[in-house]
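Report on the following structure.
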Amino acid sequence: MKAIVLGAGKGKRLQSEKFQLPKVLRQANGRGLIEYALDSIDFIEKKDTVVVVGYKKEAVIEALSGEYLFSEQAEQLGTGHAVNCAKEHFEGYDGDVLVIYGDMPLFTQKTFKKIIKHHEDTNADCTVMTAFVDNPPAYGRIIRDENGNLADVVETKDCNEEQLKITELNIGVYVFNSKLLFENLAELKNNNAQGEYYLTDVPKILIKKGKKVAICSVDDNTEIFGVNTEEDLEFCEKELRKRNA
């Protein structure tokens, strides 16, 4: 098992320039956000973990152990583009890869192990982690077919009124067969509301090709919140303090 941790974001709404820090190095309860993410996947070896860096990349690389692998996303062209920047580290590897965000400090190791086990137990080519949330935040919606299988993932800005009523959300955690992941990243298009290459489109491409895409739901919805604003940071800090109490 290998991992990709996305940590290239600037964090404009977190006033990055004011703090002179990339988003993933902003602190919650005394530690950088990305440190929590990396701790929660420490069952995967550091040499098998690729951190995608971008804004103030030197600061992120310096803050982390030299054993991690790093790839640069020089332009912010979306999550699919970010993952594809890590391709250099997957030549000749066709095992599974866990993809997570470096600005989501509340995920636990138990949750990541759950999605990996579900992926293996179902013999899936891709597994998408979801959460059921009343009054959902601005996360992509999960569209299921008549058999309850994944049919589509629609980003909030691309949702119609009916889709916005869906309470099952895509929370940005995936396990992919790495060979299929990188083969199909090449097919991404950016004809969407944000003009970005969405990683969420890869499961859809795999479904169209007859590959097996599984769904695994998180047990604790407090884990799913990432940090985009000062309010988000405050919320995560409170949750982390509760855990350490």
Check E187 with K204, please: is the shortest side-chain N to carboxylate O separation under 4.0 Å? no

Check K165 with E162, please: is the shortest side-chain N to carboxylate O separation under 4.0 Å? yes

Pair T79, T200 - check side-chain contact (heavy atoms from CB on, under 4.5 Å), show working. CA-CA 8 Å; T79 50; T200 48; 5.7 Å; no

For atom NZ of K57, is the number of surrounding heavy atoms from other residues, nucleotides or ligands below 6.0 Å larger than 12? no

Heavy-atom pair with the smallest gap, counting every atom of V24 and D103: CG1-N, 4.1 Å

What's the shortest heavy-atom distance between Q73 and A8, and which atoms? OE1-CB, 3.4 Å

For side-chain contact (heavy atoms from CB on, under 4.5 Å), just list the numbers for H118 and V175, CA-CA rounded to whole Å, side-chain angles, deciding distance to a tenth of an Å, and then say yes or no. CA-CA 10 Å; H118 188 76; V175 180; over 6 Å; no

First locate atom NZ of K113, then atom CD of Q109, and finally report the distance between them rounded to the nearest 0.5 Å. 4.5 Å

Calculate, to the nearest 0.5 Å, the distance between atoms OG1 and CZ belonging to T156 and R141 respectively. 5.0 Å

Share the residues that join F132 in a hydrophobic cluster, the rule being Ile, Leu, Val, Met, Phe, Trp or Tyr side chains under 4.5 Å apart at the heavy-atom level. none

Residue pair Y139 / N170, side-chain heavy-atom distance below 4.5 Å: no

Under the ring-ring contact (aromatic ring centres under 6.0 Å, His included) rule, collect the residues that match up with F70, sequence neighbours excluded. none

I'd like to know if D220 pairs up with K110 as an ion pair, taking the criterion as any Lys NZ or Arg NE/NH1/NH2 lying under 4.0 Å from an Asp or Glu carboxylate oxygen. no

Does atom CG (N123) have a neighbourhood of more than 12 heavy atoms from anything else shown, all under 6.0 Å? no

Enclosure of E62 CD (heavy-atom neighbours >12, cutoff 6.0 Å): no

Would K211 and N177 count as a side-chain contact (heavy atoms from CB on, under 4.5 Å) if you check the C-alpha gap in whole Å, the side-chain angles of each, and the deciding distance to 0.1 Å? CA-CA 11 Å; K211 301 299 180 183; N177 169 275; over 6 Å; no

Nearest-0.5 Å distance, CD1 of residue I116 to OG1 of residue T111: 11.0 Å

Does the side chain of L181 reach to within under 4.5 Å of the side chain of Y174, using non-hydrogen atoms? no

Less than 4.5 Å apart, any side-chain heavy atom of C126 and any of L180? no

Answer whether the closest heavy-atom distance between the side chains of C216 and K114 falls below 4.5 Å. yes

Between D201, I205, L199, which is the residue that forms a side-chain contact (heavy atoms from CB on, under 4.5 Å) with L185? L199

Side chain to side chain, N149 and V213, heavy atoms closer than 4.5 Å: no

Measuring from atom CD1 of I41 to atom CZ of F107, what distance do you get when rounded to the nearest 0.5 angstrom? 12.0 Å

Step-by-step salt bridge (Lys or Arg N to Asp or Glu O under 4.0 Å) determination, E239 to K242: CA-CA 5 Å; E239 287 299 318; K242 277 187 208 170; 3.1 Å; yes

Under the side-chain contact (heavy atoms from CB on, under 4.5 Å) test, which residues partner K212, sequence neighbours left out? T122, A124, D125

Could you tell me whether the side chains of K209 and N184 share a donor-acceptor contact shorter than 3.5 Å? yes

Point-to-point distance, once rounded to the nearest 0.5 Å, from NZ of K23 to OH of Y55: 13.0 Å

I'd like to check the ring-ring contact (aromatic ring centres under 6.0 Å, His included) partners of F235; sequence neighbours left out, ordered by chain and number. F225

Minimal non-hydrogen separation, S40 against T108, with atom names: CB-C, 4.1 Å

Side chains of E88 and S71 in contact at under 4.5 Å (non-hydrogen atoms): yes

Side chains of D158 and Q163: any donor to acceptor distance under 3.5 Å? no

Heavy atoms from other residues, nucleotides or ligands near CG of N135 exceed 12 (cutoff 6.0 Å): no

What's the shortest heavy-atom distance between K179 and D94, and which atoms? CD-CB, 3.8 Å

Could I get the full list of ring-ring contact (aromatic ring centres under 6.0 Å, His included) partners for Y36, not counting sequence neighbours? none

So, do R31 and D39 sit near enough that their side-chain heavy atoms are less than 4.5 Å apart? yes

How long is the straight-line distance from CG of L169 back to CD1 of I142, given to the nearest 0.5 Å? 8.0 Å

Begin with the C-alpha distance, continue with both residues' side-chain angles, and end with the deciding distance and a verdict on side-chain contact (heavy atoms from CB on, under 4.5 Å) for T167 and V133. CA-CA 5 Å; T167 59; V133 182; 5.8 Å; no

Should L164 and I171 be regarded as members of a common hydrophobic cluster, given that ILVMFWY residues are connected when their side-chain heavy atoms come within less than 4.5 Å of each other, either directly or indirectly? no

Would you mind listing the cluster partners of I166? Hydrophobic ones only (ILVMFWY), side-chain contacts under 4.5 Å, chaining allowed. I143, V154

With the side chain counted from C-beta on, respond yes when H119 and D96 share a heavy-atom pair under 4.5 Å apart, and no when they do not. yes

Minimum heavy-atom distance M104-I224, with the two atoms named: CE-O, 2.9 Å

Atom CD of E75 with >12 non-hydrogen neighbours under 6.0 angstrom: no

What is the minimum heavy-atom distance between R26 and L233, and which atoms define it? NH2-CD2, 3.5 Å

Do I207 and Y198 belong to the same hydrophobic cluster, where Ile, Leu, Val, Met, Phe, Trp and Tyr are linked whenever their side-chain heavy atoms lie under 4.5 Å apart, directly or via other members? no

